Each structure stands twice: as C-alpha cells, then as structure tokens.
Amino acid sequence: MSEPLIIDCDPGQDDAVALLVALAARERFDLLGVCTVGGNVPLDLTTTNALKVLELAGRTDVPVFAGCQNPLMRPLVTAEYVMGNDGLAGAELPPPRTAPAATHAVQFLVETLRQAERPVTIATLGPLTNLALALAMDPSIRRGIGRTVMMGGTMHRGNIVPQAEYNIYVDPHAARIVLNAGLDPVLIGLDVTHQVVNTIARIEAIAGIGTRAATAVARMFLPHARIQEGLPPDAKPRGLMHDPCVLAWLLRPELFGGRRVHVGVETDSEVTLGATVVDWWGVTKREPNATVLKEIDVEGFFALVSESLARLP
Ligand code: RIB
Ligand code: CA
C-alpha cells in the first residue's frame with residue numbers, strides 16, 4: 001500500500017529537488033497534492049514553480065493547491081538572493097501548461113484530512129502558514145494526519161538571521177501553532193542540512209545522470225557548488241539541498257539520527273525571533289513535542305537523490 005502524502009512547499013530550488021525525489025518514488029507515495037505558500041519567492045511564483053516541476057517529472061496527475069501569500073502576522077521575507085528572481089535559477093524550465101486547482105491549499109488540507117481513510121503523511125518544506133491555518137480552522141484534522149516531517153529550525157546557527165532558520169523565521173507564529181498541535185513532528189533543521197554540502201563533484205555526478213530532471217537539478221546547483229568550494233572552511237554553507245532531506249527521511253530513516261525533545265519557538269523578541277529552542281538535554285522537564293534530527297549519512301543522502309533523479313524522465 002502506498003503512503004498517502006501531502007507536500008507543502010515554497011519552490012525554491014531545493015523544494016524542487018524534494019518534489020522530484022517524492023515523484024520518483026511513485027510506488028511508495030500516493031501524492032494527494034502539492035500545496036504552495038509564499039516563501040522563497042512570492043506565492044504566484046512558488047505555485048508556478050510547483051507546476052513546472054510536476055511537468056518536468058511527467059506527473060501532471062498530481063494537483064497543485066495555492067495557499068497563503070503571507071505569514072500569519074509578519075510581512076513575507078523572500079530569498080531571491082539564493083534562489084534567483086523566479087525561484088528556480090538555472091533550471092530553465094518552460095512556463096507551465098497546467099494550472100493550480102481552484103481550491104485554496106488550506107481548504108484542501110482541511111477537506112482531505114477530515115475524510116482521510118488512511119493516515120496522511122504531511123511533509124512541509126517552507127513556512128508553516130498553510131498547516132497552521134488548517135489546524136486553526138479544524139483541529140480535528142489531526143485525526144487524519146499520520147506522520148509529520150518538516151524542514152525547519154536550528155539548534156545553533158541560523159541562516160537568514162543569526163538565531164533562526166528561514167522557514168521558522170518567516171512565520172514563527174505558524175511554527176508555534178504547529179509544534180503545539182500534538183503532531184509530534186520530525187524536525188529536520190540546519191544541524192542536519194548544513195552537512196549536505198554541494199561539492200562540484202557531487203553536482204557533476206548528478207549532471208552525468210542525463211535525465212531532464214537531473215540536468216535541471218545540476219543546472220540549479222552547480223553555481224552554488226562552485227561558490228561553495230571557494231568559501232573558507234567555517235563559512236555559512238551555500239545553496240544547500242535542505243528540503244530533499246525530508247523525503248530522504250521518509251524513504252530511508254536509517255540515514256538519520258536524532259531524539260525526541262521539547263522544542264519552543266520565539267515569537268516576540270525581535271532579537272531572537274524565530275529561534276527554535278531545543279531542549280536537547282531535557283533540562284526544562286517539558287514534555288517532548290518533536291523529534292529533532294542531528295545526524296545524516298551524507299553519502300547515503302546524495303546516493304538517494306541521484307538514484308531518484310535517474311528514475312525520472
Ligand atoms: O532554511 C532553508 C529552508 O528555507 C528551505 O526549505 C528553503 O527552501 C527555504 O524554504
Ligand atoms: Ca523550502
């Protein structure tokens with residue numbers, strides 16, 4: 001039986017790779033829908049990009065649902081400086097021939113989870129605005145959710161600000177709602193994703209796969225790898241494949257290590273806004289509410305990504 005899956009994302013170069021990994025595992029996942037949110041680039045572009053990636057993979061059978069344009073309480077902060085103005089710099093994908101569904105992503109989440117006959121896995125790759133609103137609209141949808149795995153957070157250094165990771169920082173209020181909803185998510189943060197550094201050799205190996213999907217991924221990430229290799233050892237890693245780590249965990253959890261802990265989110269202080277406060281040693285005695293991952297088998301990860309891209313057109 002394939003696993004019912006909903007992916008909520010803000011494509012975004014690394015979101016695109018995560019979608020491709022999911023689409024390549026066709027026998028493993030029943031991908032019910034792709035929800036988009038304003039994030040790396042504005043909603044109209046994240047939605048267009050999701051359509052482009054599904055067409056690249058030959059999977060226009062998967063519906064796309066556009067979601068929230070902006071975070072719950074803060075202005076949207078985008079990341080064109082990493083992803084390019086259209087969000088998929090380098091991919092050179094044609095304009096989509098398909099269109100998103102008419103249903104809003106939050107409505108899709110609520111309706112789908114209300115009537116789910118089997119628990120649905122939720123994978124989030126962007127700010128958590130859509131999922132938070134769906135939980136606010138109807139908390140009972142929790143009963144339709146099986147596993148939740150999210151790219152977000154950091155125990156140490158941030159990426160967009162010193163203390164926070166982008167997805168959480170953009171909508172910290174949504175992150176707090178989701179973390180307090182009893183979903184017991186798996187959280188894959190920068191402590192993991194900063195290990196999957198793009199080297200020129202790794203990306204050239206992807207380019208050598210030769211499929212359209214692999215070629216598009218290599219085009220997106222080779223420029224990042226070239227800059228990465230010129231950086232000093234302790235510089236902030238560049239243009240990482242954060243989001244595919246979420247699909248890698250779903251497909252091969254043995255590649256990862258972590259522990260169940262309590263995670264809080266700072267939503268008030270301007271100085272530490274978006275910080276994920278991870279009680280790794282349990283010093284607060286607060287009930288754990290998430291599994292935070294810390295280890296990853298980097299070679300195993302890139303092998304999985306390459307194997308996936310080789311399975312696509
Ligand atoms: O901090 C990295 C995360 O923010 C990734 O999901 C990237 O796509 C952006 O959404
Ligand atoms: Ca993302």
Side-chain angles (χ1 to χ4, degrees), residues 6-22 34-43 45-50 52-53 64 67-71 74 76-84 86-91 105 122-131 148-172 174-175 178 185-198 217 220-221 224 228 236-250 265 273-276 292-293 296 301 305:
I6 294 173
I7 297 177
D8 190 87
C9 56
D10 62 333
Q13 294 169 316
D14 60 322
D15 302 70
V17 183
L19 287 172
L20 291 170
V21 171
V34 172
C35 299
T36 57
V37 67
N40 284 312
V41 287
L43 178 68
L45 285 174
T46 59
T47 304
T48 295
N49 292 340
K52 285 183 177 180
V53 172
V64 172
C68 295
Q69 293 199 41
N70 295 317
R74 291 184 55 81
L76 178 62
V77 175
T78 53
E80 288 89 348
Y81 69 100
V82 177
M83 307 285 175
D86 74 349
L88 293 181
I122 305 289
T124 69
L125 313 178
L128 292 161
T129 318
N130 290 336
L131 183 55
T148 303
V149 51
M150 314 187 320
M151 192 282 140
T154 181
M155 286 194 270
H156 300 98
R157 285 164 284 195
N159 51 3
I160 187 164
V161 288
Q163 76 288 344
E165 176 277 324
Y166 175 86
N167 287 336
I168 308 300
Y169 176 75
V170 166
D171 198 340
V178 171
V186 171
L187 210 51
I188 303 178
L190 300 182
D191 312 280
V192 167
T193 66
H194 276 185
Q195 298 178 55
V196 293
V197 175
N198 294 318
V217 170
M220 288 192 289
F221 285 88
H224 292 311
Q228 177 66 41
K236 184 178 90 165
R238 163 91 192 199
L240 297 158
M241 292 193 189
H242 303 277
D243 294 335
C245 292
V246 167
L247 271 296
W249 182 83
L250 283 171
V265 182
L273 185 75
T276 39
V292 171
L293 301 187
I296 183 172
F301 167 78
V305 170

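If you're wondering where the values come from, they're calculated on a predicted model, not measured in any experiment. In each ligand, atom 1 is the first atom listed, and ligand 1 is the first ligand listed. The first residue in the sequence is number 1, and the count goes up from there.
For the residue pair Asp15 and Asn40, a side-chain donor N or O sits within less than 3.5 Å of a side-chain acceptor on the partner. For the 3.5 Å distance criterion, the side chains of Asp171 and Thr129 qualify, holding a donor opposite an acceptor. No hydrogens or angles considered: nothing links the side chains of His242 and Glu165 as a donor-acceptor pair under 3.5 Å.
Around the Ca ion (ligand 2), protein atoms of type N, O or S found under 3.0 Å number 5.
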Verdict with supporting geometry, Gln13 and Met241, side chain to side chain contact (heavy atoms under 4.5 Å, CB included): CA-CA 8 Å; Gln13 294 169 316; Met241 292 193 189; over 6 Å; no
Residue pair Leu187, Leu293: steps toward the side chain to side chain contact (heavy atoms under 4.5 Å, CB included) verdict: CA-CA 6 Å; Leu187 210 51; Leu293 301 187; over 6 Å; no
Worked check of side chain to side chain contact (heavy atoms under 4.5 Å, CB included) between Val186 and Thr148: CA-CA 6 Å; Val186 171; Thr148 303; over 6 Å; no
Criterion side chain to side chain contact (heavy atoms under 4.5 Å, CB included) on Val196 and Ile296, from CA distance to verdict: CA-CA 8 Å; Val196 293; Ile296 183 172; 3.7 Å; yes
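Shown here is Glu80, whose CD atom has more than 12 heavy atoms of other residues, nucleotides or ligands within 6.0 Å.
Within 4.0 Å of ligand 1, counting heavy atoms only, the contacting residues are Asp10, Asp14, Asp15, Asn40, Met83, Leu125, Met151, Asn159, Glu165, Tyr166, Asn167, His242, Asp243.
Nearest heavy atoms, Val37 versus Pro127: CG1-O, 3.8 Å.
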